[in-house]
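Quick note: numbers below take in every heavy atom, side chains included, and nothing from hydrogens, waters or symmetry partners. One-based numbering, in listed order, for ligands and for the atoms of each.
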Amino acid sequence: MERALNSPELERFAKEFAANPAYRLAQNAVTKTSIDDVALDRAVVTSIDHSVSHLLDDWGVTNQKKSGRCWLFAGLNLLRVGAAQRMGLKDFEFSQNYLLFWDKLEKANHWLEAMIETAERDVDDRTVAHLLNAPTDDGGQWNMFVALVRKHGLVPKVAMPETQSSAETHRMNRGLGRVLRRAARDLRARAAAGEDAEQLREAKSEAVAAVYRILAIHLGTPPERFWWQWMDKDRGFHRDGELTPQEFAERYITIPLDDYVCIVHDPRASSRIGQTYTVEYLGNVVGAPPVVYLNVEMDLMKSLARDAITGGEPVWFGCDTDKMSNLELGLWDAGLYDYSAVYDADLSMTKAERLVHHETLMTHAMLFTGVDVVDGLARRWRVENSWGDEKADKGYWTMNDSWFGEHVFEIAVSRDVLSEELQAALDVEPIVLPAWDPMGALAGLDGHEAKVVDAVPTGLFIGGDWRSAEDGRQLSVEDPATTEVIAEVADASVADGTAALDAAVAAAPTWAATPPRDRGEILRRAYELITERADDLSLLMTLEMGKPLKESKSEITYGAEFFRWFSEEAVRIAGRYSVAPNGATRLLTMKQPVGPCLMITPWNFPLAMGTRKIGPAVAAGCTMVIKPAALTPLSMLALADILTQAGLPPGVLNVLTTSSTGKVMEPLIRDPRLRKLTFTGSTEVGRTLVAQSAQGLLRVSMELGGNAPFLVFADADVDAAVEGAMLAKMRNVGEACTAANRFLVHESLADEFIAKLAQRMSDLRVGRGTEDGVDVGPLVEEKQRDKVAELVDDAVEAGATVATGGNAPDRTGWFYTPTVLSDVPPRARMFREEIFGPVAPVFTFADDDEAVAMANDTEFGLVAYAFTRDVSRALNVAERLETGMVGLNQGIVSNPSAPFGGVKASGFGREGGAEGIEEYLETKYVGLKL
Ligand code: NAP
């Protein structure tokens, strides 16, 4: 077999590659951007229109989250159509968690039975090894779905709602896997010791009991009976009273489930058309009818799917979803990507060859809910996915017919639509395929949120490499709306911190000498990449930080703009040449990069607070170590990935994520090789950092807390002021340093202003930031939510009146209801403390002097807002306000092309604008005698 790669051969490969301009072009493109973007066939994309001639769905999609329950979702999505109609509901969901519970328990029993049956075989036997590989995967098949519903019935979602583990199954599966593999070990040992099958089954029962416990702990206990009543879409009230799951299923399943059979298209030479197949050890409910596939021609499968849809019924199907698929567009087409052209390699294989050579298998199940028929033939299919409504057409995908032929494997249809011959074939004993046959693959792919999170690198980014923390530790990232852990990222130690600074120091000289245009181009490319990926980045941000998607999107735009702005500033760094006043010498000044910087950013703008620092540092030629907040590290990690793709050389940017913030940061701040510290965060931490930096006389920028006054003068346009107030208060759910913290309103306007603001605030919709139409997401963590509640309670105790809100809704997640408080006395804590939440306290004043005095009566000085129609009053007040920024008749000041920063306890230094880059430049003067 041996023939090692030899030098002439390797030389030939390299030479051939270098000689071909098309390869070099492909390399240039693919080293900078994703192969999918390069290979995407524009003709296919532009030829698509998503309408179909026969459309069934008018309901919202479901979301299987981070689980492989697609087959259960697709099955229940099929059944809910008739159930919703029967109940007169527009949207209805059965509990997916309920079926998940029973599927796992039944599968565990099924698997242990297989273990008993194979106990005599060697562990390396292919079947045993295959079984041990995956004891209780999430996936399943049509017949397994039917078996569950038949045995355990159904319940509405409210009777057994989702849990953390049903939405994210991997930890539960890990526990189940461990219990089951251990049980397998014991069963095999008992069998080897001579116990018979009956004795082994006794032992098995204990293992199943443990599985039941684990499932009940993770998913809750499935109800044996539940109460069912509902209000239909015409407001008619109905009550069924107490039902068992079986009774509920009996009442609301509107299709003859037992008559449905699964037809497949398996074109392998070994698989005969008109023959039934089953797969060894595939199933969940022991004793239920086996998983049976009837192999048919593709044309028949398509026409049966078409007929079902045009007849008014959605169709359950299974496919290999990842092939030739585009998540953004929600599109499948057999020729969507021209990988062959990019690689100059023939990648063609038939469907049969792909099955035989492990290139494909069934990975996902969904529902057809529409078809576009032209001259009797299906041209395009509409698909209800279960990956939420963020992508595609509100969660509905488009499948071109070319893709159906290549990548769809099975559909479930009513037996009576088959020819007599095929119906007879169904009664013939199926051929048993081995357990590892691709037809035995279980449809079970994760949802979109999981994909977006999973795409983010989770290591430390040091010297251009992604690596684990030196001691292997990780920290968890939670979704504040669900309190679920969504990711684990590396948790840096002190040694990792030093390694990151080493990398920044090592890269500094070369980077400082890199042409400004090159540095600018990298920023520009990164700006474009962020803009292209804005949807996924926004979702990521919402998942880790909580704010609504529209807020995340505007942060992505704002954050990206710093890169565009500083890409243009990079080439405008200039010096000066002048003659000394006495004419004796010449004065030359030059700007040079400061050197390695340490950047510490907060959680409230996980991306923009980083780009506001990274942009000017890259433009100026500085290298850097950045540390995002432990609560929201994912956006920064995604950004590092993007900057790498944009061509940023190794070591220029290093990212540390850590839960030991102070311990890891302090040695870096005290390290003499560090030249600058730039911090955005609370005043309290800022003070500590300034103290730490004093020893080394480090250059420091501090963007600290705020306590913004929002002044409404007697001559203001109240509606415009309320509009501005909504922006100034509710941008970022109030979690902004620039958030209006104190509304100071002239006493003549106070009642009108409060009434209108309270109305607007109470109209806001509170909910998970990923949901459509949500205005107010959760606060970032429990501590933050409790602090907001505490400040409101304090104000109320001090005499304030609640005009709207004033409480935390009773639901999972760190939510606080939008709140307006009137009659707030200045002694209330919120007059002096940053609220950082959706709470607007209104204070009143009598004249301009009092207004300015109240506005300045705080240690903070970041921003102030003033609403007046009188220009001279506006400028007069702007001059007297002790803040770094003033918004006149506008509720937002953040702008990448303007200098952002504060005075007093809000810090020093400016970010953005022409001033922003100065923070990263030193001025050197050279005296020159001619
Ligand atoms: P924070 O608690 O001060 O934290 C900010 C950053 O500092 C985080 O990365 C945090 O890390 C880190 N940190 C905490 N203790 C540290 C220590 N001893 N040594 C070194 N780093 C340390 O503030 P936050 O709660 O995240 O953010 C909210 C604050 O930021 C508010 O006061 C807001 O006004 C201010 N802010 C100001 C601006 C501005 O431009 N002026 C902009 C946005 C926010 P961990 O969280 O990982 O521990």
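The side-chain hydrogen bond (donor to acceptor under 3.5 Å, both in side chains) check on Glu168 picks up Gln164, Arg171, with sequence neighbours excluded. Applying the salt bridge (charged side-chain N to carboxylate O under 4.0 Å, His left out) test to Glu568 and every residue at least two apart in sequence or in another chain returns nothing. Checked against salt bridge (charged side-chain N to carboxylate O under 4.0 Å, His left out), Arg742 has no partners two or more places apart in sequence or in another chain.
Side-chain atoms of Asn707 do not come within 3.5 Å of backbone N or O of Phe860 as any donor-acceptor pair.
Checking each of Val685, Leu656, Leu677, Val625 against Met665 for a side chain to side chain contact (heavy atoms under 4.5 Å, CB included) leaves exactly one that passes, namely Leu656.
Sorted by chain and number, the residues within 4.0 Å of ligand 1 by heavy atom are Ile600, Thr601, Pro602, Trp603, Asn604, Met609, Arg612, Lys627, Pro628, Ala629, Ala630, Thr661, Gly662, Met665, Phe679, Thr680, Gly681, Ser682, Val685, Leu689, Glu703, Leu704, Gly705, Gly706, Cys737, Glu834, Phe836, Leu862, Phe900.
For the pair Glu919 and Arg910, the salt-bridge criterion is not met [side-chain N within less than 4.0 Å of a carboxylate O].
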